[in-house]
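Shown next, in C-alpha cells, is the structure this report addresses.
So you know, we letter chains A, B, ... as the sequences are listed, proteins then strands, and number each from 1. Side chains are part of it too, since the values below use all heavy atoms of this structure and drop only hydrogens, waters and symmetry mates.
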Amino acid sequence: MSNSSAAQKSVVWDWLTTVDHKKIGIMYFLAGLFFFTIAGIEAMLIRIQLMFPEMAFLGEQTYNEVLTMHGTTMLFLAAMPMFFGFMNFVTPLQIGARDVAFPFVNSLGFWLFLFGGLLLHVSYFTGGAPDAGWTAYAPLSTTSEGQGVDYYILGLQVSGAGTLMSGINFLVTIVNMRAPGMSMMRMPLFTWTTFVTSMLILFAFPALTVGLLLLMLDRTFGGAFFDIGLGGNVVIYQHLFWIFGHPEVYILILPAFGIFSEVISTFAKKRLFGYSAMVFATMIIGFLGFMVWAHHMFTVGMGPVANAIFAVATMAIAVPTGIKIFNWLLTLWGGRIKFTTANLFALAFIPSFVLGGVTGVQLAMSAADYQFHDTYFVVAHFHYVIIGGSVFGIFAATFYWWPKMFGYRLGEGLGKIFFWLFLIGFHLTFFIQHFLGLVGMPRRVASYLDGQGFNEMNLISSLGAFMMAVAFIFLVVNVIVSRKNTTNVTDPWDGRTLEWATTTPVQEFNFAQTPLIRDLDALWYEKMNGNGKIKAAEPLDEIHMPNGSILPIIMSSGLVVASFGVIYEMYLLIALGLLINFGCMFVRSIKEDHGYHIPVSEIKKQGGES
Amino acid sequence: MKHLLRLLPFSLIALLAGCGVENLSALDPRGPVAEMQLNLIQLSLYVMIFVIVVVFSIYTFVLIKFRERPGDTHIPKQVHGNRALEFIWTTIPILLLLILAVPNIMDTFTLAETPSMSATEADGEEGEGQEGMVEGEDFITVQATAHQFWWEFEYPNLDINAGQDLYIPTDRRVEIVLEASDVVHSFWVPALGGKMDNVPGITNEMWLEAPEEGIYFGKCTELCGASHWLMDFKVVAVDGDTFDVWAANMAEPDEAVVSGEAAGEAAVEGREVFESNCISCHAVGDEGSPTGPNFTNFGERQVVAGFLEPTDENLHDWIRDPQSLKPDNEMPAFSEDQISDDEMDALIDYITELKVLEED
C-alpha cells in the first residue's frame, strides 16, 4: 500500500506486472514490431520463391506454410497490435484520463495476444506451420495433415480473446473517462476511430471465435460441421470467416484514418476540415463494413440476387471514404504544410490509398470480379489498401508519437530515406501485380510455369519487395542511432491535442490535475486563446492508482497450456490449463486490492504541472 | 478531341493485352463472356481514371501551393468546413457509382442465366420461345468436377467422361456444372470468361462460349493444397462437326484402339500392362475406374498431369515418381518391380496411341 513500493520493484518485474496503459501500449507496439519483422521476412521468402518461374527455393508445402503465416501474422499479430499500441498509449491521454477503464483487463489483453502469437509460431518447430491460407477455408483446413492448423486455431483463439477484451476496454474508457468538457464531438479523430474500431472488434471477433471453434470441433473432436459426407456445409465457414474478416480490414484501416487526420491537421497547422463529416463517415464505414462480407464470395455460387446486393452495398462504401479523402485535401488547402517524415507518410497515403480504393470499387462489381477474384489483381488491391493505408498509418504514427512514447525524436534524414525507399519499393512491388492478375496469374500459387508471360512482372515485383526490406533496415538503424535526440520532445510538432500537453516522459498518472477541455483541439485552443497551458478541472489532490499484477501472465499461460492439450488431444493438460486460468480468476475475485495513492507532495516532486 | 479521348483507354487496354500470352489473358478476350467482363472492366477504368485525375490534380496543386516556405510563420485560417463542398463530393461519387452499378447488375444476371434455365422457361411458357435453347443443338452441358489436382469433364447427355482436356464446339454455348470431390477449387479460363468455384457438396452452374477454334488455358484459382499451382487444364475449342466426331468416338471408342491392336504388337502388350496396373484408377472407354483421369483420348492430351510436355521420357518419369513432380497428388509410384522398363515402354506405346480424332 505504500507509495514507494513502485520504486523498489525491479525493472523486469515492473514491466511484467504493469497495468499502466502507457507501458502496455509500448509493449503492444514492440511485440507488434517483432511480429511485423517475422512476417516481413516471410514476405521476402515468398518474393524470392516467385522471382523466377519454376523455382525450387521453398517447395510447395513450405511455401503454403509461409504464405499462411505471412497473412495471419501481418493481420493479427503485427498491424493490429501496433495500432493497439498507439491506441493504448495515446487515447487515454487524448481524452484526459488517468488510465483505461480496466487496467487489469488491459494487461490481460496484451499477454493473451502475445502468448497466442507465440503459440502460433511454435508450430514452425513442431512439424509444420498451418498451410491452409490465413482464411483457413474448410475442408482444406479440416483435412490438413499434422498440427499446423490446430496451432492456427488455438493461437488465434487465445490472441483473439485478448483483442476482444481490449476492444471492450477502449469502448468503456472512451464512453466513461473523458475529462470535463471533452464531449464526444470534441474528441480528437484518433480517439473517434479507436472508438469505432473497438465497436467493430466487439461485433466481428465473436464470428471468428465461432468459426474457429467449429473448425476445432471438426479437427479435434470429430465434429462434422464442414464434413459434407455427414451433412455438413463448407460454405457456412466462409460466411462466418468473412463476417469477421471484412470488418477486420476496417479494424485495420480506421485507426490509420484517425492517425492521418491528426498528422495532416498538425502539419498543415489547420483544424481538420469537416470534422463532423469525418466522424460520421467513420461511423458509416464501420456500419457498412458489416454489410458487405459476401463480396469475398462472389464466385462461390450465391446467385445473382445476393451478388448484386452485395456489389451495390460494397460500392456504397466508396462514398464515405471519398468524403474523407476530400476532407483531408481541404484540410491541407490553405494550410502551411510541413514535410516531416510523419507527414510524408500521411501525404503518400492519399494517392496510394486512392489507387487501392478504385480497384476496390472495380472488385465490387460482381460480374467483373469473376475475372479478378483470387488472382494477383486482388493481391495488388489489398496490399495497396493495407500497406498504402494501414502500414503507412503505422509509420506515420511511429514518427509522430515516438518522442512522446520513447523520449527521443527519430532522425528526419534517415526517416526520409526510409520513406522514399519504402514508397518506391511498395509501388514497384504491387502496381504491376494488377496486370499480373489480369493476364492470368492466380494468387496463392507456389510457383508458375515458364512461358505464360508472368516472368518479367514477377521479377520486377520481387525487386520492389527487396527495396522495401532495405528501407525497413533504415528504420531500425534510425531507432538505434537517434537515441541522443532527447531535446524538444514534449511538444515537438506544435501539437493540437491533449497528449502534447503532458510531460515527456509522461508521468504515471498522466495529468496531475484532470484537464478542462474548452474546444476541439484542446491544446491548440489554449495556445491561441489562453496561455498555452491546459486549465485544470480540479484542485491538486492525491491520486488513486491501481496496483500491478502478475496474474494476467499466469492466466494467459494457463490458456496456452490448455491449448497444447487441445492440439495434442491430452485431456489432462486441458484440465490443468483451465484450472490455472480459473484459479487466477478466483484469486483475483476474492483478493481485495484497493490500489495505492500518490500523495500531493510526490506529485509536486514529479513536476506536476500548474 | 472527343474521339481521341474515347480512344485513349482502349489503346491502354490494347497495350496491356500485349503483356499477356494469347488464349490466357483476360485482357485479350476470345469469347462473349470474357468480352462482356472486359467491357465492364473498361467502363470502371474510365470512371476510376476520372476520379484519380480529379484527386491527384487537387493533391498536387495543394502540396505545391501550400507548402511551408522558409521563414513563413503565419497561422493559417482555421476553417471548420463547407456544406456546399461536402454536398458536392457526396453526390458526385453516388452518381459515378450508379454508372457502374446498373450495367454490373445487368451483367451479373445475364451471366447467371444458364442455357438450361432458358430452356426450362421456354418449355413452361409459350411466347418466350426465342429464349429457349435446345440441348445438343444450341448448347451442351459439361459437368466439371475438380479433384486434387486434376479436372474431370463429364458430358452427361453424351455419355462421355474425359480427363484434363475440355473439348467444346465453337458453334454452341457450353453450360458448365461445377462440383468438387475433396476441397474447394475454382474453374477459370481467363480468355473465355470469369471463374466460379467448385465447392464440395454444392452444384454451381455457369456458361461460356468460344466462337474461335483454339486451345485455351484453364486454371484452378482456389488454394487447394501443395500442387495448387500445377492444377491447370486446357479448353480445346473445335468446330461443330469435329466436336460431334470427337463425342461419338469418346462415347464408343474404336475397339482396335482400345485393345492396342490398331497401333501394333507393342501396344497390345502395353494394354496388358495397363489392365494389370492402371485400370483400377484410369478408364479407356467403358472399361476401368473413374478414380483418376479418363484415358480414352490420352494420346491427344495437350500436356500430361496438367503441366508436362507429353514426351515418352516425361511419361516414364511421371509413372515412376509422380510425387516428386506434383506433390500430394493421388497417383501412386510404380517401381521397376511393378512395371519393368520393357513393360513401361509398351505401356507408353499403348497410351500415347489412344486417340479418338482421325489424323489428317
Where on [X] is there a heavy atom nearer than 4.5 Å to chain A: the side chain, the backbone, both, or neither?
{"X": "B:Val199", "result": "side chain"}
{"X": "B:Leu24", "result": "both"}
{"X": "B:Asp232", "result": "side chain"}
{"X": "B:Ala180", "result": "neither"}
{"X": "B:Trp89", "result": "both"}
{"X": "B:Ile202", "result": "side chain"}
{"X": "B:Lys219", "result": "side chain"}
{"X": "B:Leu63", "result": "both"}
{"X": "B:Phe56", "result": "side chain"}

Checking heavy atoms, do the side chain of [X], its backbone, both or neither come under 4.5 Å from chain B?
{"X": "A:Tyr137", "result": "side chain"}
{"X": "A:Ala281", "result": "neither"}
{"X": "A:Gln238", "result": "side chain"}
{"X": "A:Leu330", "result": "side chain"}
{"X": "A:Thr375", "result": "side chain"}
{"X": "A:Phe226", "result": "neither"}
{"X": "A:Leu272", "result": "backbone"}
{"X": "A:Tyr448", "result": "backbone"}
{"X": "A:Phe454", "result": "side chain"}
{"X": "A:Leu449", "result": "both"}
{"X": "A:Ile337", "result": "both"}
{"X": "A:Leu355", "result": "side chain"}
{"X": "A:Asn64", "result": "side chain"}

Quick check for you: among [options], which has the greatest number of heavy-atom pairs under 4.5 Å with chain B?
{"options": "A:Ser141, A:Ala268, A:Gly453, A:Gly440", "result": "A:Gly440"}
{"options": "A:Ala446, A:Ala368, A:Gly335", "result": "A:Gly335"}
{"options": "A:Gln61, A:Gln452, A:Lys338, A:Arg443", "result": "A:Gln452"}
{"options": "A:Thr331, A:Leu347, A:Leu520, A:Thr359", "result": "A:Leu347"}
{"options": "A:Leu140, A:Ile228, A:Leu67", "result": "A:Leu140"}
{"options": "A:Gly437, A:Ala318, A:Gly334, A:Gly59", "result": "A:Gly334"}

Option in [options] with maximal non-hydrogen atom pairs under 4.5 Å from chain A:
{"options": "B:Gln148, B:His228, B:Glu222, B:Gln78", "result": "B:Gln78"}
{"options": "B:Met36, B:Met206, B:Lys65, B:His80", "result": "B:His80"}
{"options": "B:Leu223, B:Ile105, B:Leu40, B:Asp107", "result": "B:Leu223"}
{"options": "B:Cys220, B:Ser227, B:Ser186, B:Gly193", "result": "B:Gly193"}
{"options": "B:Leu96, B:Asn198, B:Thr73", "result": "B:Thr73"}
{"options": "B:Leu178, B:Ile75, B:Val51", "result": "B:Ile75"}

Point to revise | Check against side chain to side chain donor-acceptor pair (under 3.5 Å), A:Arg444 and A:Thr135 | key: CA-CA 12 Å; A:Arg444 290 173 163 179; A:Thr135 49; 3.3 Å; yes
Does atom [atom1] of [X] have more than 12 heavy-atom neighbours, drawn from other residues, nucleotides or ligands, at distances under 6.0 Å?
{"X": "B:Glu309", "atom1": "CD", "value": "no"}
{"X": "B:Glu330", "atom1": "CD", "value": "no"}
{"X": "B:Glu35", "atom1": "CD", "value": "yes"}
{"X": "B:Arg83", "atom1": "CZ", "value": "no"}
{"X": "B:Phe50", "atom1": "CZ", "value": "no"}

Is the ring centre of [X] less than 6.0 Å from the ring centre of [Y]?
{"X": "B:Phe217", "Y": "B:Trp188", "result": "no"}
{"X": "B:Trp151", "Y": "B:Phe187", "result": "yes"}
{"X": "A:Phe349", "Y": "A:Trp328", "result": "yes"}
{"X": "A:Trp333", "Y": "B:Phe66", "result": "yes"}

Practice item. Kindly say whether A:Ile323 contributes a backbone atom to a donor-acceptor pair with the side chain of A:Asn327 at under 3.5 angstrom? Key: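 Looks like yes, one N/O pair under 3.5 Å.
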Review point. Within the side chain of B:Asn104, is there an N or O that forms a donor-acceptor pair under 3.5 Å with the backbone of A:Ala367?
Key: yes
Point to revise | side-chain hydrogen bond (donor to acceptor under 3.5 Å, both in side chains) partners of residues 305-318 of chain A, not counting sequence neighbours, each pair once | key: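 As it turns out, the side-chain hydrogen bond (donor to acceptor under 3.5 Å, both in side chains) pairs with a partner in residues 305-318 of chain A, which skip direct neighbours, are A:His295-A:Thr314, A:Asn307-A:Tyr370.
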Review point. Is it true that A:Arg271 and A:Asp521 make a salt bridge, defined as a side-chain N closer than 4.0 Å to a carboxylate O?
Key: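 A:Asp521 and A:Arg271: not salt-bridged.
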Check your understanding: Does the pair A:Lys527/A:Asp494 count as a salt bridge with the N-to-O cut at 4.0 Å?
Key ->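 Yes, charged N to carboxylate O under 4.0 Å.
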May I have the list of side-chain donor-acceptor pairs in residues 297-305 of chain A shorter than 3.5 Å, sequence neighbours left out?
| unit_1 | atom_1 | unit_2 | atom_2 | d |
| --- | --- | --- | --- | --- |
| A:Thr299 | OG1 | A:His373 | NE2 | 3.4 |
| A:Thr299 | OG1 | B:Asp197 | OD1 | 2.9 |
| A:Thr299 | OG1 | B:Asp197 | OD2 | 3.2 |

Review point. Strictly by modelled atom types, are B:Thr203 and B:Glu179 linked by a side-chain donor-acceptor pair under 3.5 Å?
Key: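 Yes, B:Glu179 and B:Thr203 have a side-chain donor paired with an acceptor closer than 3.5 Å.
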Practice item. Answer yes if the side chains of B:Thr108 and A:Ser366 hold a donor-acceptor pair under 3.5 Å, and no otherwise. Key: yes
Revision key, fill the gap. Here the gap from A:Lys269 atom NZ to A:Trp524 atom CH2, rounded to the nearest 0.5 Å, amounts to 5.5 Å
